[in-house]
Number of protein chains: 2
Amino acid sequence: MGLTKTDMFTDQQNDIALIAKVFGHPARVAILQHLFKTNACVCGDLVTEIGLAQPTISQHLKELKNLGLIKGNVEGTSVCYCIDTDNWAKMKNIMFQFLDQDITKGTCC
Amino acid sequence: MGLTKTDMFTDQQNDIALIAKVFGHPARVAILQHLFKTNACVCGDLVTEIGLAQPTISQHLKELKNLGLIKGNVEGTSVCYCIDTDNWAKMKNIMFQFLDQDITKGTCC
DNA sequence: TTGTTTCATTGCAATATTACGATTAATATC
DNA sequence: GATATTAATCGTAATATTGCAATGAAACAA
């Protein structure tokens, strides 16, 4: 096993889970925060900034790219990364909708 | 390896990752949505509602409980689950702060 | 007490994730 | 061309996650 049974859930539930899974590692959180902090394209200094090996960072960047949260521009031998603001906004809407549920306190809890 | 190097990141980054990881499975998303939808305590019908085996649901519930997002009240032979609204609000603040970052579009992207 | 119901726990198999050394690909510089 | 730099990819080891059958534990019902 070890295989998530995605077919038992709605697309919305699977989307939320996929987004959340990408945020489920501190290195990817740190990468995103750094990209936001610098407020511009970051050219390759993520390896020294985060402190993991270059292939590891590259792998995390790939997952962020797969979800569309970041973009990479090739500039000579290096690559500049930045937040994909449009997709970030879309993702934010999905997550806000999920997180911002409110509930009137039940009777037994 | 397969072991996340949590010591390389801030507590905040690790907190965000831990919260997100719990949301990173559609079954847990579905459980939480069901608890919100019924707007009350749910006594044991989660197994039939979600469609996974009872031990699997129990395991997912445990993770949600560990993070403090849900509470379980024993009522006879069954257990009633509901959202822990206080902790949900705290979690929501942490995630909103992370997700709600804005950025003025960079120069190269 | 004997069964029944409900849920947690244990144990295990299959798959996924994380991390990194080694290598490759692409571009720049000499 | 030869070399250096940067980042992606490959391969692999270690650990984590997912899912469920089997079993346990606790409360109820007869």
Side-chain angles (χ1 to χ4, degrees), chain A residues 1-9 13-14 17-31 34-35 41-67 70-82 108-109, chain B residues 1-9 13-14 17-31 34-35 41-67 70-82 108-109:
Chain A
M1 290 94 194
L3 171 61
T4 299
K5 295 191 166 179
T6 53
D7 53 312
M8 315 189 69
F9 306 101
Q13 287 162 346
N14 283 314
L18 282 178
I19 294 168
K21 194 183 268 187
V22 166
F23 293 144
H25 193 290
R28 293 190 286 268
V29 172
I31 288 171
H34 186 65
L35 292 182
C41 291
V42 171
C43 291
D45 60 346
L46 282 167
V47 172
T48 51
E49 183 71 24
I50 307 291
L52 293 171
Q54 180 267 322
T56 308
I57 297 293
S58 191
Q59 199 171 311
H60 286 305
L61 287 168
K62 192 179 180 182
E63 292 181 61
L64 292 169
K65 263 187 286 188
N66 283 345
L67 205 66
I70 65 172
K71 289 186 289 191
N73 279 43
V74 178
E75 300 218 345
T77 53
S78 66
V79 180
C80 289
Y81 295 102
C82 60
C108 79
C109 299
Chain B
M1 290 98 192
L3 172 60
T4 299
K5 296 191 166 179
T6 53
D7 53 313
M8 314 190 68
F9 306 101
Q13 287 162 343
N14 283 315
L18 282 178
I19 293 168
K21 194 183 268 186
V22 166
F23 294 144
H25 194 289
R28 293 190 286 267
V29 171
I31 289 171
H34 186 64
L35 292 182
C41 292
V42 171
C43 291
D45 60 345
L46 283 167
V47 172
T48 52
E49 182 71 25
I50 308 291
L52 295 171
Q54 179 267 322
T56 308
I57 298 294
S58 192
Q59 197 173 312
H60 286 307
L61 287 169
K62 192 178 178 181
E63 292 182 61
L64 292 169
K65 264 186 286 186
N66 284 344
L67 205 66
I70 65 172
K71 288 186 289 190
N73 279 42
V74 179
E75 301 217 344
T77 54
S78 66
V79 180
C80 289
Y81 294 101
C82 60
C108 78
C109 298

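Protein chains get the first letters and strands the later ones, always in sequence-line order, with residue 1 at the start of each.
Taking side-chain N and O atoms only, T4(A) has no distance below 4.0 Å to OP1 or OP2 of dT18(D). Residue H25(A) has a polar side-chain atom (N or O) positioned under 4.0 Å from OP1 or OP2 of dA19(C). Neither OP1 nor OP2 of dA16(C) sits under 4.0 Å from any side-chain N or O of K21(A). At dC7(C), none of the side-chain N or O atoms of K62(B) fall inside 4.0 Å of OP1 or OP2 (strictly under the cut-off). Checking the phosphate oxygens (OP1, OP2) of dT6(D), no side-chain nitrogen or oxygen of Y81(A) falls inside 4.0 Å. H60(B) has no side-chain polar atom (N or O) that falls below the 4.0 Å cut-off from OP1 or OP2 of dT17(D).
When rounded to the nearest whole Å, the span between CG of N73(A) and P of dA8(D) equals 12 Å. Distance CE (M8(B)) to P (dT18(C)): 15 Å, rounded to an integer number of Å. Rounded to a whole Å, the CD atom of Q59(B) is 14 Å from the C1' atom of dC7(C). In this entry the distance linking CG of L46(B) with P of dT6(C) reads 14 Å, nearest Å. Following rounding to the nearest Å, L3(B) (CG) and dA16(C) (C1') show an atom-to-atom distance of 15 Å. For the pair R28(B) CZ and dT18(D) C1', the computed distance is 9 Å after rounding to whole Å. Rounded to whole Å, atom P of dT5(C) lies 17 Å from atom CG of D45(B). Separating the CG atom of L61(B) from the P atom of dT6(C) is a distance of 16 Å, rounded to the nearest angstrom.
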Between side-chain atoms of residues 43-50 of chain A and protein atoms elsewhere (two or more places apart, or another chain), which donor-acceptor pairs fall under 3.5 Å?
residue	atom	partner	partner atom	Å
T48(A)	OG1	D45(A)	O	2.9

Measure all distances between protein nitrogen or oxygen atoms and nitrogen or oxygen atoms of nucleotides 22-30 of chain D, and list the pairs falling under 3.5 Å.
none

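With sequence neighbours left out, the side-chain contact (heavy atoms from CB on, under 4.5 Å) criterion links L18(A) to no other residue. Judged as a side chain to side chain donor-acceptor pair (under 3.5 Å), and not counting sequence neighbours, the contacts of Q13(B) are Q33(A), T10(B). Partners of K62(A) by side-chain contact (heavy atoms from CB on, under 4.5 Å), not counting sequence neighbours, listed by chain and number: N66(A). T6(A) meets the side-chain contact (heavy atoms from CB on, under 4.5 Å) test with T4(A), N14(A); sequence neighbours excluded.
Taking for each of I57(B) and A53(A) the nucleotide of DNA chain C with the nearest heavy atom, the 5'-most of the two is the partner of I57(B). Nearer to the 5' terminus of DNA chain D, by closest-nucleotide assignment, is the contact made by G44(A) (compared with the other of L52(B) and G44(A)).
Using the six-membered ring where Trp is involved, H60(B) and H25(B) have ring planes that are tilted, between 30° and 60° apart.
For the atom pair C80(A) SG and I70(A) CD1, the distance stands at 12.0 Å (nearest 0.5 Å). Rounding to the nearest 0.5 Å gives a distance of 11.0 Å between NZ of K21(A) and NZ of K21(B).
Set against dC7(C), dT9(D), dG19(D), the side chain of V79(B) has dC7(C) as its closest nucleotide.
Contacts of S78(A) with the nucleic acid, taken as non-hydrogen atoms under 4.0 Å apart, involve only primed sugar atoms and P, OP1 or OP2.
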